[in-house]
Amino acid sequence: MNKLDELCKAHLSKETIPKCDSNNEETTLLPRSLTHFATGLVRVAKDDLMSTIDFGVPPNPDTKGLDALIVYNVKDALPSGISNANSPEIPLLTATNATENCDTLNVVLTNNPGPTRQCLALVGSQYQSYHVQRYMRRDKHHSGLNSKFPLELTSRGLTRNGKVEFPPPSPTDVLDHQESLRTYLNNADGIRKKLKETIDGMGVKTVVVLTCNHGQSELLMNFVCSSRSRGFDLKNVLVFPTDIETKELAEGMGLTTFYEETIMASIPKGEAKFYGDIIFRKVMFAKVLCVQLVNELSHDLLFMDVDIVWYKDPLLYFENKTLPDFDIYFQDDGSRQERYAPYSANSGFYYVRQNERTKHLFRHLLYSGDLINAWYSHQQVLIALLAEYNSLLGLSVKILAKEMEEFPGGVQYHRKNEAMKKIMRRDSNAIIFHMSWTTNKDNKLKFFQQMGEWHVQDKCIGKRFDEITNEPVGTKGALIQPCCSAEPIIKCHYKDKPSIIPCKDSPSIDRNGESFW
């Protein structure tokens, strides 16, 4: 074993390391052949670095006590007072001290996704790249990790088991998207003009954007009834219905609508049966379109799915001047699958500040409908574009971490009983609740009922306007009295899901599910 090996072994085994070899000569960690891009290293506590410089990504709460590594390309970038950052004992500094002389800081977020023997190569003195190339040992013509083969250039969407998360769109995906996009572009000028008139008539700066088809209309109605029960003014809410039935219902609930049949005609009226089915994908186009239109008209906006209830007005949070200044804020989805890296942004609740960066982002998302078709979700496409434009345009993205109390959703509902018990006791700082991570509308309805967050009378569920009231169609607010219950309609369904009352006598929905109470 040579001296450097001994020093490395000693560095791994104890805190203090001799700085001189047996000839009393100073030792170095990095050989001269690396100093063309690495003249020194320091450690910084990971929590300190991520709190000093907010990268916007959701933090990992399980890394307390771990460090980040900073590599200095040139000696002038070394922190003041550090004469040698190339010794076997890597100094530990504060984030402020470690970066005080850095003119620029390139940040690489890395983790080991699964039980793979992952390596990280830093290649200096090359044309600068702001992307990470990924190589995997595999058969070039067949997917999946296989250590018998050489390293091959690999999509970040290819899992070690061979699943392709990011396939290129098929000809059918492309043609379907082109047809929808062609219809929109041929009518865009007229649509924008009418939408501007609608928003101007609302008299608001920030628009709360929702879209809904008839299959999900009772969730929209519940949002309104629940909000009214808490006294919220919904003057900022603009609904983009995808069918005439939902337009009539939304207006009957007192909401402002914008309905454009030419671009919504292809979207089915029924509910999605599961995540990613054909109806789900068609509705995704509406979700992209309504945000892009409002953003293009230079309005800040809050987009939200209809399976949400408000405990407090979320606009007060996002319009607070003390909020760190980001271009776009997302609820944390909670999933840490590779296909959602690096943000895990929930595409069902997010706030957008209008500027040229966000406008370009949502134009590109609109033009990427072929990928949405191929990937069964606009969430994956949106996150990929967030990462790209964070790098290319400096688009600042903030994920409202799932550890916060303010923006709970499906991850808390299905996995965090203590957080949900605080909500049930009304002892939480929650601003909204989003019933994400839930298979279908029927389960969302049941879960809301036993949470004490359902306010829609049974006679209004799944009905058209003219099946509920004899009032003329278009009468604004005509459905509030017959459909809204001031008090929550509470029903037990499953003992193993959060409930405002004990539901111990109800069955479990999950295998081996234990009682919530």
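Computed from a predicted model, the values in this text were never measured in an experiment.
- Looking only at distances, no side-chain donor or acceptor of R339 sits under 3.5 Å from a matching main-chain atom of G157.
- Taking the side chain as every heavy atom from C-beta outward, F362 and L385 never approach each other to under 4.5 Å.
- Without hydrogens or angle criteria, Y329 side chain to F326 main chain gives a donor-acceptor distance under 3.5 Å.
- Looking only at side-chain heavy atoms (C-beta outward), K441 and L219 come within less than 4.5 Å of each other.
- Side-chain atoms of T438 come within 3.5 Å of backbone N or O of S436 as a donor-acceptor pair.
- Put simply, the side chain of V224 does not reach to within 4.5 Å of the side chain of V456, judged on heavy atoms.
- Of the candidates F433, W454, W310, F223 forms a ring pair (Phe, Tyr, Trp, His ring centres under 6.0 Å) with just one, namely W310.
- Panel note: side chain S344, backbone S335; a donor-acceptor pair is recorded below 3.5 Å.
- At a threshold of 4.0 Å, the pair K194-E197 does not count as salt-bridged, since none of the basic side-chain nitrogens sits closer than that to a carboxylate oxygen.
- Between K463 and E248, no side-chain nitrogen of the basic residue sits less than 4.0 Å from a carboxylate oxygen of the acidic one, so the salt-bridge criterion is not met.
- Residues R230 and E487 are not paired through a salt bridge, judged by the lack of any N-O separation under 4.0 Å between the basic side chain and the carboxylate.
- Both the sub-6.0 Å distance and the 45° axial angle are not jointly satisfied by K247 relative to the ring of F240.
- Atom CZ of R160 is surrounded by more than 12 heavy atoms from other residues, nucleotides or ligands within 6.0 Å.
- T469 contributes a side-chain N or O that, together with a main-chain N or O of E471, makes up a donor-acceptor pair within less than 3.5 Å.
- Rounded to the nearest 0.5 angstrom, K398 NZ and D332 CG are separated by 10.0 Å.
- Within the 4.5 Å cutoff, the side chain of Y350 has heavy atoms near those of the V291 side chain.
- At least one side-chain heavy atom of D333 sits under 4.5 Å from a side-chain heavy atom of W437.
- A salt bridge between R353 and D327 is absent, with no side-chain N of the basic residue lying under 4.0 Å from a carboxylate O of the acidic one.
- Listed for the E406 side chain is no donor-acceptor partner under 3.5 Å among the backbone atoms of I431.
- Using a 4.0 Å cut-off between charged nitrogen and carboxylate oxygen, R156 and E165 do not count as a salt-bridge pair.
- The shortest distance between side-chain heavy atoms of L249 and I468 falls below 4.5 Å.
- One finds no salt bridge joining D505 and K495 here, because no Lys/Arg side-chain nitrogen approaches an Asp/Glu carboxylate oxygen to under 4.0 Å.
- Residues I490 and I500 meet the side-chain proximity criterion, which asks for heavy atoms closer than 4.5 Å.
- Under the side-chain contact (heavy atoms from CB on, under 4.5 Å) rule, L220 has a single partner from D307, V237, V239, which is V239.
- The cationic atom of K421 (NZ for Lys, CZ for Arg) lies less than 6.0 Å from the six-membered ring centre of W517 and within 45° of the ring axis.
- Judged by distance alone, the side chain of Q354 and the main-chain N or O of L297 form no donor-acceptor pair under 3.5 Å.
- Checked by atom type and distance alone, the side chain of N222 pairs as donor or acceptor with a backbone atom of H455 at under 3.5 Å.
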For R182 and E179, what are the C-alpha separation, side-chain angles and deciding distance, and is it a salt bridge (Lys or Arg N to Asp or Glu O under 4.0 Å)? CA-CA 5 Å; R182 185 180 301 113; E179 182 178 350; over 6 Å; no

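- The backbone N or O of G513 sits less than 3.5 Å from a side-chain atom of S508, completing a donor-acceptor pair.
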Ring pair (Phe, Tyr, Trp, His ring centres under 6.0 Å), that's the test. Do Y317 and Y351 meet it? Break it down for me. CA-CA 10 Å; Y317 178 90; Y351 182 86; 9.2 Å; no

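- For the pair K446 and D442, the salt-bridge criterion is not met [side-chain N within less than 4.0 Å of a carboxylate O].
- Ionic pairing of E296 and K359 is not present here: no N-O contact between side-chain nitrogen and carboxylate oxygen is shorter than 4.0 angstrom.
- In this structure, the separation between CZ on F447 and CD1 on I509 is 4.0 Å, given to the nearest 0.5 Å.
- Using bins of under 30°, 30° to 60° and over 60° for the plane-to-plane angle, the ring pair H360/Y389 lands in the perpendicular bin.
- One side chain, T206 or E319, offers a donor N or O that lies under 3.5 Å from an acceptor on the other.
- Contacts of C483 classified as disulfide (SG to SG under 2.5 Å), with partners at least two apart in sequence or in another chain: C460.
- Looking at D370, its side chain never comes within 3.5 Å of a backbone N or O of P169 through a donor-acceptor pair.
- For the residue pair T172 / D176, no side-chain donor-acceptor distance below 3.5 Å is found, with atom types taken as modelled.
- The pair R464-E467 meets the salt-bridge criterion, with a side-chain N (NZ, NE, NH1 or NH2) lying under 4.0 Å from an Asp/Glu carboxylate O.
- Between K287 and D305, at least one side-chain N (NZ, or NE/NH1/NH2) sits under 4.0 Å from a carboxylate O, which counts as a salt bridge.
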